[in-house]
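Right, one structure below, let's go through it.
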Protein chains: 2
Amino acid sequence: MARTQGSHSDITGPKVREAALRLFAEHGYAAVSMRQIAAEVGVQAGALYNYTPDKQHLLFSLLHEHMEGLLAAQAAQPVPEDPVARLEAFCRFHIRQNRARPQAVFISYMELRSLTPEHFAEIGRLRDRYEAGLEAVLKAGQATGAFSVEDTRIATFAVIGLLNAVNVWFREDGRLTLEEVERLHWDMVRRAVSA
Amino acid sequence: MARTQGSHSDITGPKVREAALRLFAEHGYAAVSMRQIAAEVGVQAGALYNYTPDKQHLLFSLLHEHMEGLLAAQAAQPVPEDPVARLEAFCRFHIRQNRARPQAVFISYMELRSLTPEHFAEIGRLRDRYEAGLEAVLKAGQATGAFSVEDTRIATFAVIGLLNAVNVWFREDGRLTLEEVERLHWDMVRRAVSA
DNA sequence: GTCTATACTGAGATAGAC
DNA sequence: GTCTATCTCAGTATAGAC
């Protein structure tokens with residue numbers, strides 16, 4: 001054993017992040033105390049400061065990691081030529097990502113206002129990059145005549161809003177599979193923007 | 001003068017509610033202190049307890065008042081016979097209401113989790129009643145063949161999500177009038193659910 | 001790396017003078 | 001109805017022993 005029994009940084013670190021993510025998503029950043037997070041992990045509050053300089057940075061770091069992962073996954077997706085196929089790919093990808101990391105997605109919408117202005121700007125830039133992907137698809141389809149949207153910017157927000165509705169009600173053990181949910185929502189999006 | 005100069009309950013009461021609504025919307029319920037609210041109103045923290053038994057009840061009371069007002073306004077709307085016209089009326093009404101009380105709408109989505117379970121259930125019931133109006137329209141249109149939605153429950157959430165997207169970006173002094181925003185969104189909703 | 005202990009600050013809420 | 005003063009508790013964060 002290269003490590004002593006007392007050295008748990010490689011275990012405790014991830015546990016701190018998981019606990020914080022879960023508690024922030026459930027109760028909100030401001031309502032969660034460092035003591036609560038520590039209790040969840042099974043350490044004393046002071047020990048958390050081996051893993052984060054402060055509470056604010058813990059939130060920022062969770063959001064940042066989530067957004068970077070999202071953008072990396074987006075970049076790894078194949079990009080069909082046809083705008084309609086590209087829009088379908090975006091819709092399905094977005095729904096799947098939302099369900100794969102429900103807590104991270106949740107706080108990335110709810111806790112932006114809990115960030116310092118600098119951190120807020122940083123996360124905002126990453127989100128804009130993600131949504132720009134959708135707007136580009138809508139613009140491309142508008143150019144080919146496949147889509148008919150008067151304002152691609154507004155349509156972008158509308159599509160995101162429609163897709164995010166899934167998060168309000170979807171349950172893993174519900175009557176619909178994720179594939180069915182994807183199909184139903186893609187169908188609505190397609191009709192909403194098609195020429 | 002029937003009142004002494006020191007009696008300000010008819011002035012301070014509303015000011016407390018306005019300040020709380022504004023601060024809760026801006027920073028979140030948990031992040032706002034009674035002292036902040038008091039400072040905003042221009043009194044000491046202790047004086048707030050002439051108007052609310054505690055902070056939790058203040059939030060609940062704001063949400064309750066908002067939902068009751070929303071349902072009353074909804075009930076006062078004329079209800080067209082034709083499902084398509086009814087859906088258009090709902091969409092335009094929903095967007096107008098959202099813009100008329102942006103802060104109340106915002107906390108009614110964001111701060112549900114800050115309510116006690118009893119208060120949460122109470123507000124949830126009121127919201128369900130509001131959204132049931134939309135689902136009824138979709139069902140009616142489905143029956144007449146005007147709409148084509150596989151699942152009216154899911155479509156209800158999708159439509160609400162699409163319409164709420166307006167709140168993310170709309171600015172009173174932006175390039176679009178509320179009428180144009182209503183039309184653009186009604187157009188997308190109509191296409192998304194039409195046969 | 002974690003603990004205990006604690007400094008310091010601010011929270012919600014109440015009591016009693018005016 | 002509001003103020004001042006205060007109680008009690010919990011918050012973030014740090015210091016130093018182990």
Side-chain angles (χ1 to χ4, degrees), chain A residues 1-24 26-63 107 111 113-116 118-119, chain B residues 1-24 26-63 107 111 113-116 118-119:
Chain A
M1 295 232 289
R3 284 178 179 277
T4 70
Q5 266 198 319
S7 287
H8 294 149
S9 82
D10 46 351
I11 282 263
T12 305
K15 277 175 76 178
V16 168
R17 298 176 65 79
E18 283 158 29
L21 180 64
R22 204 177 61 71
L23 290 170
F24 289 165
E26 191 169 337
H27 306 291
Y29 172 79
V32 171
S33 71
M34 295 299 268
R35 286 193 228 275
Q36 271 178 275
I37 299 170
E40 196 80 357
V41 174
V43 298
Q44 293 300 311
L48 298 181
Y49 293 87
N50 289 314
Y51 304 95
T52 179
D54 52 36
K55 190 186 172 190
Q56 164 70 205
H57 189 88
L58 184 52
L59 173 64
F60 171 68
S61 151
L62 289 170
L63 289 177
I107 66 170
E111 299 298 349
R113 66 175 168 192
S114 300
L115 294 169
T116 60
E118 295 74 22
H119 288 161
Chain B
M1 295 231 289
R3 285 178 177 279
T4 71
Q5 266 199 320
S7 289
H8 294 149
S9 82
D10 47 350
I11 284 261
T12 306
K15 277 175 77 177
V16 168
R17 299 176 64 80
E18 282 159 29
L21 180 64
R22 204 176 62 70
L23 290 170
F24 289 164
E26 190 168 338
H27 306 291
Y29 171 78
V32 171
S33 71
M34 295 298 269
R35 286 177 170 83
Q36 269 178 275
I37 299 171
E40 195 80 358
V41 175
V43 297
Q44 293 301 311
L48 298 181
Y49 292 87
N50 289 314
Y51 303 96
T52 179
D54 51 36
K55 189 185 173 190
Q56 163 70 206
H57 189 87
L58 183 52
L59 173 63
F60 170 69
S61 150
L62 289 170
L63 289 178
I107 66 170
E111 300 298 349
R113 66 175 167 192
S114 301
L115 293 169
T116 60
E118 295 74 23
H119 287 161

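Each chain gets a letter, A, B and so on, in the order the sequences are listed, and its residues count up from 1.
Rounded to a whole Å, the CD1 atom of A:I11 is 10 Å from the P atom of C:dT2. Counting to the nearest Å, the P atom of D:dG11 and the CD1 atom of A:I37 are 11 Å from each other. Here D:dG11 presents its C1' atom at 11 Å from CD of A:Q36, a figure rounded to the nearest Å. Going from atom OH of B:Y51 over to atom C1' of D:dT2 covers 8 Å, rounded to whole Å. At whole-Å resolution of the value, NZ in A:K15 and P in C:dG1 are 15 Å apart. If you take CG of B:L48 and P of C:dA11, they are 12 Å apart, rounded to a whole angstrom. Whole-Å rounding puts the B:N50 CG to D:dG1 P distance at 6 Å.
Among residues two or more places apart in sequence or in another chain, the side-chain hydrogen bond (donor to acceptor under 3.5 Å, both in side chains) test is passed with B:S114 by B:E111. In this view, A:S61 and A:R17 satisfy the side-chain hydrogen bond (donor to acceptor under 3.5 Å, both in side chains) rule, not counting sequence neighbours. Looking at residues two or more places apart in sequence or on another chain, you find a side chain to side chain contact (heavy atoms under 4.5 Å, CB included) between B:E18 and B:P14. Residues passing the side-chain hydrogen bond (donor to acceptor under 3.5 Å, both in side chains) test with A:E26 are A:R22, sequence neighbours excluded.
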Show your reasoning for whether side-chain contact (heavy atoms from CB on, under 4.5 Å) applies to A:Y29 and A:I107.
CA-CA 8 Å; A:Y29 172 79; A:I107 66 170; over 6 Å; no
Determine, step by step, whether A:L115 and A:L63 satisfy the side-chain contact (heavy atoms from CB on, under 4.5 Å) criterion, reporting the C-alpha distance in whole Å, the side-chain angles of both residues, the deciding distance to 0.1 Å, and the verdict.
CA-CA 10 Å; A:L115 294 169; A:L63 289 177; 3.7 Å; yes
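For the helix from C:dG1-D:dC18 to C:dC18-D:dG1, the end axes, each set by the C1' atoms of five terminal pairs, are bent relative to each other by 0° (nearest 10°).
Here B:T12 does not reach the OP1 or OP2 of D:dG1: none of its side-chain N or O atoms lies under 4.0 Å away. In terms of phosphate contacts, A:S33 brings a side-chain nitrogen or oxygen within less than 4.0 Å of OP1 or OP2 of D:dG11. Taking only side-chain nitrogens and oxygens, A:Q44 comes nearer than 4.0 Å to OP1 or OP2 of C:dT4.
Here A:V32 lies in heavy-atom contact (under 4.0 Å) with sugar-phosphate atoms only.
No donor-acceptor pair closer than 3.5 Å links the side chain of B:Q36 to the backbone N or O of B:L23.
Atom NZ of A:K55 sits about 9.0 Å away from atom CG of A:L58, to the nearest 0.5 Å.
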At under 4.0 Å between heavy atoms, which parts of nucleotides 13-18 of chain C does protein reach? Answer with one letter per nucleotide, 5' to 3': B base, S sugar-phosphate only, - none.
BB----
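Residue B:V41 comes nearest to B:K15 through the heavy atom pair O-NZ, 3.5 Å, listed as atom of the first residue, atom of the second, then distance.
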